[in-house]
Amino acid sequence: MTTPNTEGTAAAGSPSRVLVLNSGSSSVKYQLLDMSDRSRLASGLVERIGEETSRLVHTPPPGAGAVREREGRIADHDEALRAAAEELAADGLGLDSPDLAAIGHRVVHGGLRFTEPTVITDEVLKEIERLVPVAPLHNPANITGIRTARALRPDLPQVAVFDTAFHATMPEYAARYAIDVETADAHRIRRYGFHGTSHAYVSRKAAALLGKEPAEVNVIVLHLGNGASASAVAGGRCVETSMGLTPLEGLVMGTRSGDIDPAVTFHLKRVAGMSADEIDVLLNKKSGLVGLCGDNDMREIRRRVDEGDERATLAFDIYIHRLKKYIGAYSAVLGRVDAVVFTAGVGENSGPVREAAMAGLEEFGLVVDADLNAVRSGVPRLISPDYARVAVAVVPTDEELEIANQTFALVDN
Ligand code: AMP
């Protein structure tokens with residue numbers, strides 16, 4: 001998929017609101033956007049679904065009062081979505097409104113079948129279910145969210161926007177693992193990549209920041225949040241990304257190891273007697289920064305580094321070393337790099353990470369201006385000096401807006 005032009009304006013008089021739903025295993029995030037000016041009307045989060053301590057936090061439209069909270073058990077996604085709908089209705093933004101044009105759902109895994117945002121039909125939903133074996137942690141929650149939303153508004157277009165879709169343009173030689181082809185194909189084992197809506201949005205915004213069309217630029221996007229991934233985007237098309245069959249591959253993350261020798265897994269089974277599930281938990285939940293130093297919040301890690309804490313310093317150094325390896329590799333993949341772009345929680349907020357990741361890369365044309373890097377701002381900005389051969393930029397990501405854009409582009413006619 002090339003990045004579609006999803007930033008048109010709503011036709012006058014037609015429904016212009018899009019509700020974006022991001023259903024996780026125990027949480028639902030929602031945002032209602034007005035696509036006539038892309039403003040955020042209301043948003044919220046329901047967390048710890050199924051526990052006694054569930055919580056809903058709802059942010060009403062600007063000027064419409066304070067943030068509202070509900071505490072107490074919310075049994076399942078159905079109840080969570082109904083509670084969110086009640087909060088929206090209390091703001092005069094109920095799901096029964098004729099202004100609602102569509103509901104856009106984040107769906108983590110689209111496999112090879114879904115490489116574009118797709119209007120959800122019974123058949124599409126079945127296909128998303130067929131992908132559960134390759135995304136057992138994510139797709140079931142997304143499916144529950146879709147079912148509940150369809151029950152609430154059966155007449156309304158519902159659109160699935162896939163995390164994997166932007167990476168579908170990767171050439172076969174980048175997407176295939178060098179393992180037996182029959183085995184790989186029988187089990188749909190290949191590199192799919194994730195965070196695609198973020199990489200699509202940020203690479204397009206980076207081109208705009210350079211005053212160019214996406215087709216004219218080559219960019220490396222570093223999405224550094226609690227999960228982290230890099231992508232190489234050539235002329236608006238993704239040609240390489242660091243996550244693979246699952247979001248475990250690639251960079252060091254908050255709790256995930258990123259790249260390791262796959263033989264570590266058999267070693268753990270044979271020598272430590274661990275089961276596949278235990279190894280899964282170890283690599284996904286107890287590794288990365290948290291496994292290395294006990295913290296996964298970069299703010300806390302930097303505080304400890306500044307105090308001279310050795311474990312935090314080593315964790316930070318491993319994190320930066322891996323990032324540099326990917327920047328170097330993706331520079332080679334792209335041949336010419338116009339911009340390196342930082343985004344997500346760490347990428348947008350941590351000057352020290354950006355500075356350390358770029359240190360010593362002057363030969364690659366990469367330089368960071370210390371004053372620009374220290375600026376805190378919520379807008380896309382350059383942090384490289386004018387003379388630098390390659391732009392270094394910070395571009396805040398907005399996955400919900402990108403999902404709304406892609407959803408609206410499909411249903412607005
Ligand atoms: P995300 O997954 O994109 O929401 O990013 C969450 C992560 O961003 C947190 O775990 C922190 O490590 C990091 N983060 C958030 N704010 C800051 C900050 N001001 N400085 C450094 N890291 C931050």
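Keep in mind it's a predicted model, so treat the numbers as computed, not measured. We count ligands from 1, going down the list as the structure has it; atoms in each ligand are counted the same way.
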| Any N or O on Gly345 sitting closer than 3.5 Å to an N or O of ligand 1? | yes
| task | Any atoms of ligand 1 less than 4.0 Å from a non-hydrogen atom of Val346? List them with their elements. | result | 8 (O), 12 (O), 13 (C)
| query | Is Ser350 close to ligand 1, meaning an N/O of one under 3.5 Å from an N/O of the other? | reply | no
| Is atom 5 (O) of ligand 1 less than 4.0 angstrom from some protein heavy atom? | yes
| So, Ser287 and Ser257: side-chain donor and acceptor under 3.5 Å apart, yes or no? | no
| With a 3.5 Å cut-off and no angle check, do the side chains of Arg256 and Asn226 form a donor-acceptor pair? | no
| Under 4.0 Å to a heavy atom of Asn296 - the qualifying atoms of ligand 1, by number | 10 (O), 12 (O)
| task | Quick one: look at Val353 and ligand 1, take heavy-atom pairs under 4.0 Å, and tell me if it's side chain, backbone, both or neither. | result | neither
| How are the rings of Phe194 and His109 set to each other: parallel, tilted or perpendicular (split at 30° and 60°)? | perpendicular
| message | Under 3.5 Å, is there a donor on one side chain and an acceptor on the other for Ser16 and Asp34? | response | yes
| query | Taking Arg70 as the fixed residue, which of Glu47, Glu79, Glu87 is the one that meets the salt bridge (charged side-chain N to carboxylate O under 4.0 Å, His left out) rule? | reply | Glu87
| Is Met298 in polar range of ligand 1, meaning some N or O pair under 3.5 Å apart? | yes
